[in-house]
Amino acid sequence: MESIVNYPDYTKDMNAVLNHIDCKWLNGTPPDYSLSNKLYFAERSKEHVKGTLPDVVNNLIKNWERELSYKTDPSEWVTIVPTFRMNVNGGNWLTISDVGKIGAYNAFIGDTELYCCSRVPDPHESHKIFRTALGSGFGWECIETFSDAPTIVFKWRHWGHVTGEYKCPMRNGRVITASPVGNKVEIFGLSKMVVNEKFQIMEIEHYFRPDQVMEQMIKGHDVLKI
């Protein structure tokens with residue numbers, strides 16, 4: 001790896017893109033990530049040396065998620081290239097337009113038994129479901145990298161605590177409603193991404209079991225209506 005001095009800001013600071021105040025943001029201004037940041041620093045399992053590949057990947061993916069979730073004009077996303085594509089568990093490749101249209105949660109989870117993205121077509125509604133349930137934030141961290149750029153394979157962890165009601169449609173059309181009891185949601189996955197010389201993501205593949213999220217959401221709740 002070359003010196004981190006030559007890297008773009010989104011590889012050095014996990015909140016770099018939030019400084020892009022002139023972009024088209026979902027609610028008019030950059031979102032507040034203070035809760036997720038607090039959760040990350042309090043409960044992360046790894047503290048990477050600044051400038052190492054795991055640290056760079058950690059910052060890059062976090063900034064990409066911020067753009068994907070809140071920048072409404074994909075042409076303003078700086079963490080990826082215009083020809084970007086992604087898939088989950090070997091499924092169909094999705095373009096920037098595809099991901100922007102259905103939203104981050106729907107793109108990653110898809111249609112599962114306990115959450116059916118095709119029944120939540122509005123990406124803002126899908127975000128609301130998880131922001132309501134995981135009121136203290138949904139942390140993400142790169143745990144380990146296995147290969148260097150341009151093709152980087154890395155392991156990651158995603159976690160949070162259920163502090164609000166979780167309500168979503170299942171594949172069969174019925175709706176799960178579960179009251180919060182503060183249980184922890186934690187999943188692990190493996191991803192492979194290809195980056196260019198600016199460390200912009202050209203393509204990325206994710207491998208994990210999406211149903212684990214919802215299974216943990218409803219486990220141990222005192223109210224469960226299906």
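Start at 1 with the first residue, then count along the sequence.
Residues I204 and I109 are members of one and the same hydrophobic cluster, defined by side-chain heavy-atom contacts under 4.5 angstrom among Ile, Leu, Val, Met, Phe, Trp and Tyr. A continuous path of ILVMFWY side-chain contacts below 4.5 Å connects F138 to W140, so both sit in one hydrophobic cluster. No path of Ile, Leu, Val, Met, Phe, Trp and Tyr side chains, each step under 4.5 Å between heavy atoms, connects L190 with F154, placing them in separate hydrophobic clusters. Residue L35 is not grouped with residue I129 when hydrophobic side chains (ILVMFWY) are merged at heavy-atom distances under 4.5 angstrom, including chains of intermediate members. No path of Ile, Leu, Val, Met, Phe, Trp and Tyr side chains, each step under 4.5 Å between heavy atoms, connects L39 with I143, placing them in separate hydrophobic clusters.
Side-chain atoms of T112 and D211 include a donor-acceptor pair closer than 3.5 Å. Using modelled atom types, one finds no donor on one side chain facing an acceptor on the other under 3.5 Å when comparing W25 with T72. Side chains of Y105 and E125: no donor on one and acceptor on the other come within 3.5 Å. If you check the side chains of H206 and S191, you find a donor sitting under 3.5 Å from an acceptor. For the residue pair W159/E43, the side-chain donor-acceptor check at 3.5 Å is satisfied. In this model, a donor atom of one side chain and an acceptor atom of the other lie less than 3.5 Å apart for S118 and D111. Checked by atom type, the side-chain pair Y7/N59 shows no donor-acceptor distance below 3.5 Å.
Under the 3.5 Å distance criterion, the side-chain polar atoms of D98 are matched with a main-chain donor or acceptor of T95.
Because its NZ or CZ atom is both nearer than 6.0 Å to the ring centre of F188 and within 45° of the ring axis, K155 counts as a cation-pi partner of that residue. The cationic group of K62 lies under 6.0 Å from the six-membered ring centre of Y40 and within 45° of the ring axis, placing it in a cation-pi geometry.
The CZ atom of R66 sits 7.0 Å away from atom OG of S36, with the distance rounded to the nearest 0.5 Å. Here N58 contributes atom CG and L53 contributes atom CG; the two are 11.0 Å apart, rounded to the nearest 0.5 Å. To the nearest 0.5 Å, atoms CD (E47) and CG (D55) are separated by 10.0 Å.
For the pair M170/V175, no side-chain contact is recorded, criterion being any heavy-atom separation below 4.5 Å from C-beta on. Using a 4.5 Å heavy-atom cutoff, the side chains of L94 and N87 are not in contact. Contact annotation: the side chain of P169 approaches that of V120 to within less than 4.5 Å [non-hydrogen atoms, C-beta and beyond]. Looking only at side-chain heavy atoms (C-beta outward), V213 and F130 come within less than 4.5 Å of each other. Between H20 and W77 there is no side-chain heavy-atom pair separated by less than 4.5 Å.
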Worksheet item: What do the steps show when you test E141 against R157 for salt bridge (charged side-chain N to carboxylate O under 4.0 Å, His left out), and what is the final call?
Response: CA-CA 5 Å; E141 66 173 338; R157 170 179 173 247; 2.8 Å; yes

Practice task
Could you give me the CA-CA distance, side-chain angles and deciding distance for E205 and V88, then say whether side chain to side chain contact (heavy atoms under 4.5 Å, CB included) is met?
Solution key: CA-CA 6 Å; E205 302 171 62; V88 177; over 6 Å; no

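Taking the charged nitrogens against the carboxylate oxygens, E76 and K71 have no contact shorter than 4.0 Å, which rules out a salt bridge.
Relative ring orientation between F108 and W64 is described as perpendicular, the plane-to-plane angle rising above 60° on a 0-90° scale split at 30° and 60°. Note on ring orientation: taking the six-membered ring where Trp is involved, the planes of Y70 and H127 are tilted (angle from 30° to 60°). Between W156 and F208, the two ring planes are perpendicular [angle over 60°; tilted spans 30° to 60°].
A side-chain contact (heavy atoms from CB on, under 4.5 Å) with Y10 is found for one member of N15, I61, N63, V56 and no other, namely N63.
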